[in-house]
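Everything numeric here is computed off the predicted structure, so don't read it as measured data. Throughout, a chain's letter reflects where its sequence line sits, starting with A, and its residues are numbered from 1.
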There are 2 protein chains.
Amino acid sequence: MYVASILNMAQSHKILNSHPYLRQTLDLVSDKWVTAIIYVLSQGTKRYGELHREIGDVSQRMLTRTLRDLERDGLVKRKVYPTNPPTVEYSLTSLGETLVEPLRLLCQWSINHFHEVETARESKDNHIDR
Amino acid sequence: MYVASILNMAQSHKILNSHPYLRQTLDLVSDKWVTAIIYVLSQGTKRYGELHREIGDVSQRMLTRTLRDLERDGLVKRKVYPTNPPTVEYSLTSLGETLVEPLRLLCQWSINHFHEVETARESKDNHIDR
DNA sequence: CAGGATCCTATCAGATACTG
DNA sequence: CAGTATCTGATAGGATCCTG
């Protein structure tokens with residue numbers, strides 16, 4: 001059934017080539033820090049420091065760079081308050097919000113199935129059958 | 001509303017750290033060639049050469065390596081027929097099939113929204129407002 | 001046909017230091 | 001606080017040659 005539905009989306013099996021933007025937009029999403037940032041921002045507006053602390057293992061460089069990319073792509077809004085020291089708030093745009101649900105499903109898949117993946121890995125590591 | 005549903009999944013905002021396997025499994029999915037291969041295999045069993053041709057811009061090295069990873073993780077089944085020259089068929093396992101739908105939604109998102117992303121990029125490239 | 005083995009390099013991304 | 005700038009090691013991944 002999955003097969004049928006995904007085929008409806010792509011009459012041609014060459015969709016990956018015939019639809020150049022698909023690849024480009026998927027790359028956007030297939031990023032470690034993108035998923036983390038969207039995830040945290042789905043909880044609401046956050047300041048730079050909050051994002052940094054909640055994601056945890058992200059470097060300053062990567063956090064800033066990814067935020068700039070997301071802002072440029074219209075997924076994240078950056079608001080600067082001219083205080084001293086500066087205050088910067090990040091939040092999802094309405095476009096960014098539309099990405100939350102698909103990403104959530106992917107996270108859900110990971111949580112539901114990681115154990116099966118683990119099991120598959122172990123069984124192949126311990127004995128080579130084939 | 002998205003906010004509420006994603007929060008149900010994570011009582012703590014530290015889920016990215018507290019759930020080590022989530023990150024690991026998401027990385028598995030967040031791979032250019034993984035998405036392409038799952039995508040093509042969702043259409044049914046394919047031979048190595050078919051995969052190579054249909055994905056198109058993948059190198060031999062990367063195709064083989066990714067297929068091995070997917071096999072190891074239990075998402076893809078590799079079947080060898082002792083013919084000459086050899087025949088090898090790849091197909092999704094039942095676990096692999098469960099990933100098709102989440103990935104399809106992500107592809108659908110890309111198709112539905114890539115134009116908005118494009119527009120956002122262009123408007124920011126042409127004039128710096130803020 | 002379906003890869004395995006090597007070589008090589010562009011990009012990624014962490015660590016560190018500095019600033020308005 | 002919220003970044004920018006620079007350096008550098010790691011690694012992803014392409015090109016090429018070879019084989020059962």
Side-chain angles (χ1 to χ4, degrees), chain A residues 16-17 23-24 26-38 40-41 44-73 76-92 124 128 130, chain B residues 16-17 20 23-24 26-41 44-73 76-92 124 128 130:
Chain A
L16 290 171
N17 296 328
R23 190 62 263 163
Q24 189 178 338
L26 266 182
D27 283 347
L28 185 154
V29 168
S30 303
D31 181 285
K32 182 176 181 178
W33 304 128
V34 165
T35 54
I37 289 172
I38 300 278
V40 172
L41 285 184
T45 298
K46 300 280 178 182
R47 296 180 58 179
Y48 182 87
E50 291 179 292
L51 277 167
H52 202 183
R53 262 174 280 112
E54 296 193 15
I55 296 177
D57 58 339
V58 65
S59 69
Q60 219 172 40
R61 172 186 153 85
M62 278 304 104
L63 179 56
T64 302
R65 187 165 149 24
T66 309
L67 282 169
R68 290 289 178 279
D69 288 346
L70 288 173
E71 189 194 359
R72 175 165 151 277
D73 292 341
V76 161
K77 190 171 65 182
R78 177 174 180 265
K79 186 154 192 182
V80 184
Y81 297 91
T83 56
N84 190 307
T87 301
V88 181
E89 282 183 357
Y90 291 94
S91 57
L92 292 180
K124 258 119 195 170
I128 320 290
R130 171 174 326 101
Chain B
L16 290 170
N17 296 327
R23 190 61 263 162
Q24 189 177 337
L26 268 182
D27 282 348
L28 184 154
V29 169
S30 303
D31 182 284
K32 181 176 182 178
W33 305 126
V34 165
T35 54
I37 289 173
I38 300 279
Y39 192 98
V40 172
L41 286 184
T45 299
K46 300 280 179 184
R47 294 179 59 178
Y48 182 86
E50 291 178 295
L51 277 168
H52 202 181
R53 263 174 281 112
E54 297 195 13
I55 296 176
D57 58 337
V58 65
S59 70
Q60 212 173 52
R61 173 185 153 87
M62 277 304 103
L63 179 56
T64 302
R65 189 167 145 25
T66 309
L67 282 169
R68 291 289 177 279
D69 288 347
L70 289 173
E71 189 193 0
R72 175 165 153 276
D73 292 341
V76 161
K77 190 170 68 184
R78 177 173 180 267
K79 187 155 191 181
V80 184
Y81 297 93
T83 56
N84 190 307
T87 302
V88 181
E89 281 183 358
Y90 291 94
S91 56
L92 291 181
K124 257 119 193 170
I128 318 291
R130 176 174 319 99

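Between the CD1 atom of I37(B) and the P atom of dG3(C) there is a distance of 11 Å, rounded to whole Å. Per the geometry, CG belonging to L67(A) stands 11 Å off P belonging to dA2(D), to the nearest Å. We find that OH of Y81(B) is positioned 24 Å from P of dG20(D), with the value rounded to whole Å. Note: CD (E89(B)) to C1' (dC1(C)) measures 13 Å, nearest angstrom. As rounded to whole Å, 11 Å separates atom P of dG14(D) from atom CG of L63(B). The CE atom of M62(B) sits 13 Å away from the C1' atom of dA5(C) (whole-angstrom rounding). Here the P atom of nucleotide dG3(D) and the CD atom of E50(A) are 13 Å apart, to the nearest Å. For K32(A) and dA10(D), the NZ to C1' distance is 13 Å, given to the nearest whole Å.
End-to-end axis angle for the helix from dC1(C)-dG20(D) to dG20(C)-dC1(D), using five pairs per end and rounding to 10°, comes out at 60°.
Among the nucleotides dG3(C), dG13(D), dG14(C), the one closest to the side chain of R78(B) is dG3(C). Checking dC1(C), dG3(C), dG14(D) against the side-chain heavy atoms of P86(B) singles out dC1(C) as nearest.
Between atom OG1 of residue T66(B) and atom CD1 of residue I37(B) there is a gap of 5.0 Å, rounded to the nearest 0.5 Å. One distance of note links CZ of R78(A) with CG of L70(A); it measures 13.0 Å at 0.5 Å rounding. Here the CD atom belonging to E89(A) is positioned 8.5 Å from the CD atom belonging to E50(A), to the nearest 0.5 angstrom. A distance of 15.0 Å separates NE2 in H52(B) from NZ in K46(B), rounded to the nearest 0.5 Å. Atoms CG and OH, from L92(B) and Y39(B) in turn, are 13.0 Å apart once rounded to the nearest 0.5 Å.
At a threshold of 4.5 Å between non-hydrogen side-chain atoms, the residues L41(A) and L51(A) count as touching. R65(A) is listed as a side-chain neighbour of D69(A), based on a closest heavy-atom distance under 4.5 Å.
Atom CZ of R68(A) is surrounded by more than 12 heavy atoms from other residues, nucleotides or ligands within 6.0 Å.
Contact annotation: Y90(B) side-chain N/O to dG3(C) OP1/OP2 distance is under 4.0 Å.
Every residue two or more places apart in sequence or in another chain that forms a side-chain contact (heavy atoms from CB on, under 4.5 Å) with R61(A) is listed here: S59(A).
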Polar-atom pairs under 3.5 Å, protein N or O versus N or O of nucleotides 4-6 of chain D: list them with distances, or write none.
from: dT4(D); atom 1: O4; to: Q60(A); atom 2: OE1; distance (Å): 2.9

